[in-house]
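In what follows, every chain begins at residue 1, and chains take the letters A, B, ... in the order their sequences are listed. The figures here come from the full heavy-atom set of this structure, side chains too, leaving out hydrogens, waters and symmetry mates. Not measured: the values here are computed from a predicted model.
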Amino acid sequence: MDTIQAVRGFKDILPPETGKWQFIERLAREVFTDFGFLEIRVPILEKTELFRRGIGEATDIVEKEMYTFLDRGDEYLTLRPEATASILRAYLEHTLYAADPIARLFTIGPMFRRERPQKGRLRQFHQLDAEILGIDDPRVDAELIVMLMHFLVRAGLPDIHLEINSLGCPDCRPAFRDRLITFLAGKQTALCEDCRRRMLSNPLRIFDCKLETCREQLLSAPKILDFLCPPCDTHFQTFRKYLSIADITPSINAGMVRGLDYYTRTAFEVTTGALGAQNAVLGGGRYNGLARELGGPDIPGIGFAIGLERLLSLIEPNDAQLSPVPHLFVAFLGDQAGRVAFDLANGLRKVGIRTEVDYAGRSLKSQMRRANKLNCPYTLILGDREIAAGEVQWRDMRSSLQETLPLDGLFETIRGKLLEKGQTLV
RNA sequence: GUGGGUGUAGCUCAAAUGGUUAGAGUGCCGGGUUGUGGCCCCGGAGGUUGAGGGUUCAAGUCCCUUCACUCACCCCA
């Protein structure tokens with residue numbers, strides 16, 4: 001019989017790797033909390049309708065990437081492809097805005113998109129999401145970026161680039177869009193097949209094209225930033241000013257777009273050169289129209305999503321992130337010693353001393369080999385001989401020095417010895 | 001969804017133009033005389049060569065199908 005394999009594009013995260021995940025999640029909780037964010041946990045399954053409205057009918061995600069099924073024949077449900085829609089849904093459903101007009105929320109968890117897997121792209125992947133709801137002030141936009149950059153630096157991320165843009169608002173974007181379409185119409189024959197298709201479906205996306213010939217054509221294209229209405233322009237200028245106060249100097253990427261109508265003003269991305277074609281580590285922006293789109297009041301919001309797999313792939317593992325090494329190994333010989341070892345080891349563990357015992361009934365040599373392999377700094381050796389004499393052997397694995405300790409009060413003696421050697425116990 | 005590449009022990013890889021019981025390193029288990037790790041030495045286990053079909057006297061090697069992984073496009077985290 002064949003062994004069952006994981007679903008395509010779904011990955012197991014195995015032990016040494018999980019240490020990195022714990023590190024980054026701990027760091028995120030710490031940093032985000034410092035910036036006033038509270039954790040929210042939302043379901044990974046939602047009514048399909050939520051995403052159709054919250055992400056947009058015409059997007060690739062909704063058109064062809066969602067895991068959707070008919071539940072018991074009467075309702076379509078979808079495994080969430082992103083978290084913002086769910087957070088907004090929960091926020092509106094529980095009228096959180098009634099208790100406090102401004103909410104800062106974050107969440108960490110898996111997302112699902114049925115795309116063809118490749119480097120940095122899984123079908124189940126994980127995002128770290130943060131949202132600020134209820135305020136449209138550009139200083140909030142800047143603050144979100146400040147937190148983000150601080151987080152990335154503390155995560156040890158090398159070589160990153162912040163790009164920002166403004167997408168305008170429903171007042172000013174249509175004019176830009178019209179001018180762009182007019183401009184492109186004249187260039188049509190010079191553009192690649194994809195871009196000609198994009199002209200119709202999502203003209204702003206043409207700026208994403210990587211072909212040199214298309215890029216050249218776009219050099220003289222109209223720029224969204226030249227079309228911003230006064231309020232949007234002021235917002236963007238203030239946003240930039242506060243970034244500079246925080247010593248953050250992004251590059252402006254007028255080609256960065258979010259195609260949907262309710263995305264407004266600030267948009268940003270952090271990219272890296274180390275990820276192949278999937279170079280975005282994180283993306284975010286303002287979505288002042290979203291709450292309304294979901295049937296709620298007109299509440300502004302801004303947020304971002306960090307791709308954890310992508311982020312983690314950029315971080316070199318260090319000792320703090322790897323599985324912690326045990327404090328000591330208990331080796332024993334004989335039945336009587338085995339009973340003492342069992343009791344002793346579990347007692348030590350209960351007070352936060354990471355203790356290893358090998359119950360496989362192997363030779364002392366084998367047990368010592370294992371202690372060495374696990375990198376245990378100390379080994380306790382107890383045989384029936386020692387037990388009978390009321391003592392045990394305490395071996396320092398680095399110096400190979402060994403001393404005899406009395407069985408009486410052993411528990412406290414060990415605690416003391418470990419503390420004295422600078423081991424950090426709980 | 002489209003195109004390219006790759007699938008041989010747990011892992012990293014060998015097996016010239018098809019030709020005996022598919023090898024190595026590493027890891028794992030054990031041993032190197034009484035109950036002591038690392039280095040070293042010795043031994044052992046572990047593979048229906050991703051799966052299924054075909055060509056052939058003979059297939060890990062060639063052909064087809066399928067699955068998986070991977071890179072790129074698309075799109076995005």
Item to check | Mate of B:U33 where both pairing distances stay under 3.5 Å, Watson-Crick or G-U | outcome: none
Next on the checklist: Taking any heavy-atom pair under 4.0 Å as a contact, classify A:Arg370: base, sugar-phosphate, or nothing.
Outcome noted: nothing
Item to check | Side chain A:Arg369 and base B:C28 donor-acceptor under 3.5 Å | outcome: no
Checklist entry - What integer distance in Å separates A:Phe112:CZ from B:C75:C1'? => result 19 Å
Checklist entry - Expressed in angstrom and rounded to an integer, what is the separation of A:Lys373 atom NZ from B:G10 atom C1'? => result 12 Å
Checklist entry - Less than 3.5 Å between a donor and an acceptor, one on the side chain of A:Lys365 and one on the base of B:G30, is that the case here? => result no
Next on the checklist: Using 30° and 60° as the class boundaries, would you call the ring planes of A:His126 and A:Trp21 parallel, tilted or perpendicular?
Outcome noted: perpendicular
Checklist entry - Heavy atoms under 4.0 Å, any strand shown: does A:Leu364 hit a base, just sugar-phosphate, or nothing? => result base
Checklist entry - Across the strands shown, which category fits A:Gly9 at heavy-atom distances under 4.0 angstrom: base, sugar-phosphate, nothing? => result sugar-phosphate
Item to check | B:G60 and B:U26, which share atom name C1', separated by this distance in whole Å | outcome: 22 Å
Checklist entry - Does A:Ser363 put a side-chain nitrogen or oxygen below 4.0 Å from OP1 or OP2 of B:G31? => result yes
Checklist entry - Relative to the ring of A:Phe32, is the ring of A:Phe304 parallel (under 30°), tilted (30 to 60°) or perpendicular (over 60°)? => result perpendicular
Checklist entry - Could you state the interatomic distance from CG (A:Leu228) to NE2 (A:His235), rounded to the nearest 0.5 Å? => result 10.5 Å
Checklist entry - Any chance the side chains of A:Asp129 and A:Thr107 put a donor and an acceptor closer than 3.5 Å? => result no
Checklist entry - How long is the line joining CZ of A:Arg113 and C1' of B:C75, in whole Å? => result 9 Å
Item to check | Interatomic distance at P, B:U6 relative to B:C62, whole Å | outcome: 10 Å
Next on the checklist: Tell me which nucleotide, if any, is Watson-Crick or G-U wobble paired with B:U6 when both distances must be under 3.5 Å.
Outcome noted: B:A68
Next on the checklist: Need one value for A:Ser366: base, sugar-phosphate or nothing, where a base atom within 4.0 Å counts as base even if backbone is also close, heavy atoms only.
Outcome noted: sugar-phosphate
Item to check | Whole-angstrom distance between B:U49 and B:A9, as gauged at atom P | outcome: 9 Å
Checklist entry - Which word best sums up how the rings of A:Tyr67 and A:Phe112 line up, parallel for under 30°, tilted for 30 to 60°, or perpendicular for over 60°? => result perpendicular
Checklist entry - Separation of A:Asp60 atom CG from B:A77 atom P, in whole Å? => result 11 Å
Checklist entry - Quick one: CD on A:Gln402 to CH2 on A:Trp394, what's the gap to the nearest 0.5 Å? => result 11.5 Å
Item to check | C1' spacing across the pair B:C69 / B:G31, given as an integer number of angstrom | outcome: 40 Å
Item to check | Watson-Crick or G-U counterpart of B:C11, or none if no pair lies under 3.5 Å | outcome: B:G25
Next on the checklist: For A:Asp137, is there an ion pair with A:Arg139 - N to carboxylate O distance below 4.0 angstrom?
Outcome noted: yes
Checklist entry - Using a cut-off of 4.0 Å on non-hydrogen atoms, how would the nucleic acid contact of A:Ala371 be classed: base, sugar-phosphate, or nothing? => result nothing
Item to check | Gap between atoms CZ and C1', on A:Phe332 and B:G35 respectively (whole Å) | outcome: 13 Å
With 3.5 Å as the limit, what N/O pairs link the protein to nucleotides 1-3 of chain B?
unit_1 : atom_1 : unit_2   : atom_2 : d
B:U2   : O4     : A:Arg116 : NH1    : 2.6
B:G3   : O6     : A:Arg116 : NH2    : 3.2

Checklist entry - Closest to the A:Lys119 side chain: B:A77, B:A72, B:C69? => result B:A72
Checklist entry - Does any donor-acceptor pair link the side chain of A:Gln367 with the base of B:G35 at a separation under 3.5 Å? => result no
Item to check | Candidate nucleotides B:C71, B:G31, B:U36, ranked by approach to the side chain of A:Met368 - the nearest | outcome: B:U36
Next on the checklist: Once rounded to the nearest 0.5 Å, what's the spacing between atom CZ of A:Arg395 and atom CG of A:Leu401?
Outcome noted: 8.5 Å
Checklist entry - Tell me: CE of A:Met256 to P of B:C75, nearest whole Å? => result 16 Å
Checklist entry - B:A59 and B:U20: how far apart are their C1' atoms, nearest whole angstrom? => result 14 Å
Next on the checklist: Under 3.5 Å, is there any donor-acceptor pair linking the side chain of A:Gln393 to the base of B:U36?
Outcome noted: no
Next on the checklist: Any base atoms under 4.0 Å from A:Leu122, or only sugar-phosphate, or nothing? Heavy atoms, all strands.
Outcome noted: base
Checklist entry - Using the C1' atom in both, what is the distance from B:C74 to B:G1, to the nearest Å? => result 8 Å
Checklist entry - So, A:Lys373 and A:Glu356, do they make that salt bridge, N to O below 4.0 Å? => result no
Checklist entry - According to the Watson-Crick and G-U wobble definitions, with both distances under 3.5 Å, which nucleotide is paired to B:C74? => result none
Checklist entry - How far does the C1' atom of B:C13 sit from the matching atom of B:G19, given to the nearest Å? => result 23 Å
Checklist entry - Watson-Crick or G-U wobble partner for B:C62, using a 3.5 Å limit on both distances? => result B:G54
Checklist entry - Does A:Val281 or A:Met397 map to a spot on RNA chain B nearer the 5' end, using the closest nucleotide for each? => result A:Met397
Checklist entry - Toward the 5' end of RNA chain B, which comes first, A:Asn372 or A:Phe10, by nearest nucleotide? => result A:Asn372
Checklist entry - Heavy atoms under 4.0 Å, any strand shown: does A:Gln5 hit a base, just sugar-phosphate, or nothing? => result nothing
Item to check | Gap between atoms NZ and P, on A:Lys11 and B:C69 respectively (whole Å) | outcome: 7 Å
Checklist entry - Taking atom C1' of B:A77 as reference, at what distance in whole Å does atom CG of A:Leu148 sit? => result 12 Å
Next on the checklist: Please give the distance between the P atoms of B:G25 and B:G18 as a whole number of Å.
Outcome noted: 29 Å
Item to check | Spatial distance of atom OG1 (A:Thr78) from atom CD1 (A:Ile44) [nearest 0.5 Å] | outcome: 12.0 Å
